[in-house]
Amino acid sequence: MATAAISKRGKAANTPGRFGAYGGRYVPETLMAALEELERAYEKVKKDAKFRARLNQLLHTYAGRPTPLFFAQRLTKKLGGAKIYLKREDLLHTGAHKINNCLGQALLAERMGKRRIIAETGAGQHGVATATVCALLGFDCVVYMGTEDMRRQELNVFRMRLLGAEVRGVSSGSCTLKDAINEAMRDWVTNVRTTHYLLGSVLGAHPYPTMVRDFHKIIGEEARKQILKTEGKLPTAIIACVGGGSNAIGIFYDFIEDKKVKLIGVEAGGRSEKLGDHAARFPGGSPGVLQGTYSYVLQDDAGQIALTHSVSAGLDYPSIGPEHAALKDTGRAEYVSASDTEALEALTLLARTEGIIPALESAHAVAEVIKRAPKMKKSDVVIVNVSGRGDKDIGILRENLKLD
Amino acid sequence: MPFSFGQKPSLIAYVTCGDPNLATTREIIFAAIEAGASVIELGVPFSDPVADGPVIQRASERALCNGTSLADVLKLAAEIREKHQSTGLVIFSYLNPVLRMRLAKFCKVARAAGVDGVLVTDLPIEEADDYIRETRKNELAPIFLAAPTSTDARLKAIAQESGGFVYAVSRTGVTGARQQLTQDSQDLVRRLRKFTKLPVAVGFGISTHEQFTEVGKYADGVVVGSAIVDVIERNPGKEAAAVGAFVKQLL
C-alpha cells in the first residue's frame, strides 16, 4: 500500500509511478487493464521519432510554441527588487498551457485506436483544449464540469460547445473540479473499451502524473534556453501556481537538478485558513488517496475529503499532484499560498503595469512574486509562469472588482 | 465459517451503513439476514465514490450527513456479530477512510468486531502488499475485485491473493441496476475458475429474482446492492420491513 514503495530519492523513485512515497495506482480493477495499456502505449510512443516529430510540429505550427519569455520591466521597477520574467503560456492556442498535454494525449489516443475522448475541467481551460484537439483530430468529445464552475466560467462552456464537445454538468459534492473527475472516472469505468480519459493535470493513477508532466516539461526546457540566452545565467527562482500542478511541474522539471534554482509553488489560500475555505493542501492536508493517487489531501479525521474554495476554479481541488508531494517532502520545492484577494490584486497590477491579464490561477503566482521580489537583490532573476490568460475570468472579475 | 456458500446460490446483501441512520441500518441488516442473506457487505460511506452509480452515491451522501464513519461501521459490525454468528460480514470501503484510521488499527478493530472479510474498491492487488499482510495476520479475508477487462494474467494474480471469495464484477461500469446482464459476467466467472477453487460471487447490476436465479446458475454467491439501497430510499420509515420483503422475493 501507500508505504510499500517508499523511495527516498524524490524525483526518480525506482518504482514506476512512484514519487517518493507518493503516486501509485489506486483505481477499481475494471480500469487496471486500461491503465496498463495506456502505460505500454505511452512508453512506446516516447521512443517513437515519428510520434515526437508530429507532436512537435503541432506544438509549433498549431499551438504556438515556443512561447516567449518576456521581461516585465515596469513590474520589476515597481516592485524594486529582482528582475521578473514572465513565461507566456497564456499566448498559446486556447489560452493556456493545457494544450501541450492535450495534443500529446490525443495523438496517443489515436495510436491506441480510441476515438471517444472524455475529460474533466475546472476552469474550463483543459476542457477547451480537449475540445480543440478533438475537433482537430475528429474525435467525439465529452467534458465533465461542475455546475458551479459552469456558472463562473460560462464563456469556456460556450467555447467547448462551439468546438463540438458535449459539456455535461456535474452537481454533486461542491460542484467543482473534484466532482467532475469523479464523474469522468465513472464514464471511463463504463466505456473503458472505447474511450480514452484525457486527464488534464498531473493527478490520477499511474501513468497520468508522469505522462502529463512529460508533455508539459517543454515549458521549463524552453525557459532554461531563453533565460540563459537573455541573462546568461539560471534564474534565482521560478514561481508557478499549483492546482493539480501541471503547469508548475512543467516549468520546474528541467530545473530540479539545479539545486540553486528555487522552485516555488503557489496554492489557493481562498478566503480563510479554515478547512473548506481554501485549497492549500500542504499546510492544511495530510497524505491520503483520492481519485487514483496517493498524495496530500484535504480531509477530515474520518478520511472524508473536504470541500474546498478558491476564486479560481482551476486551483479549487482538495489534492495535489504526487510529484509535488515528493518535492515538498524532500524540500526541493517550496509551497506557499495566495488568498483570493491577493490574487485579484495581483491580476489587476499585472494588467496595469504590463498590459497582460493573467488567468486567476496564474494570478496566484503573480501574487507571490509581488511579495517576494522586493526582498530580493536586483541581480536576482525570477521567472513567473503565466500559465493562462484571463479572458475566461471576465465574468467573475466583474463580480469581484469595482473599477469605477 | 463465514463464507459458506453451500446452499447455492447465496445472497450477499450490500447496504450503505448510516443510510438513513445507523440504528435503522442495523434493523435492515437483521431483516435481510432473517429473509435469507448469507453474507452482509457493510458499505462504508465515502465522499467520492467513483465506482458507484447514483443510488449508492445518494445513500453515501445521506450517511455522511449523519456523520457516519468507518469507526461507526465497525461498531455496527460488532452488534450484528453478537446476534448472528453464522452470517458472513464484509467491510466494503474505499481506501482513504481505512488509511486515515491506519491499516493496522483498522484490521485489529475489524477482527475484534467479528468481521470476516474486507473489500477495498480502489485497491488493486499491485498496491496491496501491506494490506494483504495485515488482513491475513488478523484472520480477515482480503477480497479482491475481478473485472471483465482483467487479463488472464491479472485474474491469476487476483485469484492467488484473494481470500474468502473472489468478487467478479458483472460488467464494465459503476454500481446500479441494469435491465439485462451481459455475457461478460458468465465469461468472467468461467475464466476465474481456471485459476481458483475459492467461491466466486458476482455483483453489479443484479436487482431481480430472475437475474438472481440466472447468475446463481454459474456463481456461488450473488451480490445485490443498489437494488436494496433503492428499496431503503423509497420506503422511509419502514426500511427494514421493505428490505426483508424484497430479499424474500429475490431468493
Side-chain angles (χ1 to χ4, degrees), chain A residues 1-6 15-18 23-37 172-174 178-179 181-195 204-206 286-294 297-307 318-319, chain B residues 44-54 57-58 60-61 64 67-72 93-103 120-134 144-151 153-155 158 167-169 171-176 204:
Chain A
M1 145 147 358
T3 53
I6 288 183
T15 321
R18 284 281 168 188
R25 190 177 269 171
Y26 299 92
V27 294
E29 174 62 23
T30 306
L31 294 178
M32 287 300 284
L35 289 166
E36 287 174 350
E37 180 197 0
S172 54
S174 51
K178 171 183 75 105
D179 314 291
I181 296 180
N182 285 341
E183 213 48 43
M185 286 181 78
R186 292 182 186 120
D187 181 316
W188 201 32
V189 88
T190 307
N191 302 299
V192 59
R193 288 171 170 131
T194 58
T195 298
H206 178 62
S286 52
V289 165
L290 176 65
Q291 295 172 336
T293 194
Y294 180 62
V297 181
L298 290 167
Q299 56 182 323
D300 68 13
D301 292 340
Q304 303 298 338
I305 308 306
L307 298 181
S319 187
Chain B
V44 179
F46 184 52
S47 53
D48 294 86
V50 293
D52 286 301
Q57 285 175 46
R58 287 197 300 272
S60 303
E61 271 177 41
L64 289 175
T68 310
S69 67
L70 175 56
D72 294 331
S93 184
Y94 287 85
L95 180 56
N96 201 54
V98 173
L99 285 182
R100 187 68 174 177
M101 179 177 274
R102 282 189 303 107
L103 181 62
V120 177
T121 320
D122 52 349
L123 184 66
I125 45 169
E126 282 82 350
E127 305 288 359
D129 289 357
D130 292 2
Y131 168 82
I132 291 165
R133 198 186 52 244
E134 285 297 324
F144 287 97
L145 298 173
T149 50
S150 305
T151 56
R154 295 194 59 80
L155 291 185
I158 289 164
Y167 187 132
V169 176
R171 52 170 164 76
T172 61
V174 292
T175 57
F204 280 40

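Chain A is the first sequence line, chain B the second, and so forth, proteins listed ahead of strands; every chain is numbered from 1.
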Flag if over 12 foreign heavy atoms under 6.0 Å of CZ, A:Arg193: yes
In terms of heavy-atom proximity below 4.5 Å to chain A, should B:Leu145 be classed as side chain, backbone, both, or neither? both
May I ask you to name which of A:Arg186, A:Glu183, A:Gln291, A:Gln299 has the most heavy-atom pairs under 4.5 Å with chain B? A:Arg186
Applying the side chain to side chain donor-acceptor pair (under 3.5 Å) criterion to B:Tyr94, which one of B:Thr121, B:Asp48, B:Asp52 satisfies it? B:Asp52
At a 4.5 Å cut-off on heavy atoms, which part of A:Ile181 comes close to chain B: side chain, backbone, both, or neither? neither
Less than 4.5 Å to any heavy atom of chain A: does that hold for the side chain of B:Leu64, its backbone, both, or neither? side chain
Looking at B:Asp72, B:Asn96, B:Leu70, B:Thr151, which has the largest count of heavy-atom pairs under 4.5 Å with chain A? B:Asn96
Run through A:Leu290, A:Val289, A:Leu298, A:Asp300 and flag the one making a side chain to side chain contact (heavy atoms under 4.5 Å, CB included) with A:Ile305. A:Leu290
Work out which heavy atom in B:Ser93 is nearest to a heavy atom in B:Val98; give both atom names and the distance. OG-CG2, 4.0 Å
For B:Ile132, is it the side chain, the backbone, both, or neither that has a heavy atom closer than 4.5 Å to a heavy atom of chain A? neither
Identify the two heavy atoms, one from A:Gly303 and one from B:Phe46, that lie closest to each other, and give their separation to 0.1 Å. O-CE1, 3.4 Å
Can you tell which part of A:Asp187 gets under 4.5 Å to a heavy atom of chain B, answering side chain, backbone, both or neither? neither
Lys/Arg N to Asp/Glu carboxylate O, B:Glu127 vs A:Arg18, below 4.0 Å: yes
Could you tell me which non-hydrogen atom of B:Ile158 sits nearest to which non-hydrogen atom of B:Ala146, and how far apart they are? CD1-CA, 4.3 Å
Please state whether the side chain, the backbone, both or neither of B:Pro148 comes within less than 4.5 Å of a heavy atom of chain A. both
Chain A contact via B:Ala153 - which portion, at a heavy-atom distance below 4.5 Å: neither
Looking at B:Arg58 and B:Glu61, is any side-chain nitrogen of the basic one under 4.0 Å from a carboxylate oxygen of the acidic one? no
Contacting moiety of A:Val27, where chain B heavy atoms sit under 4.5 Å: backbone
Side chain, backbone, both or neither: which part of B:Glu134 has an atom under 4.5 Å from a heavy atom of chain A? neither
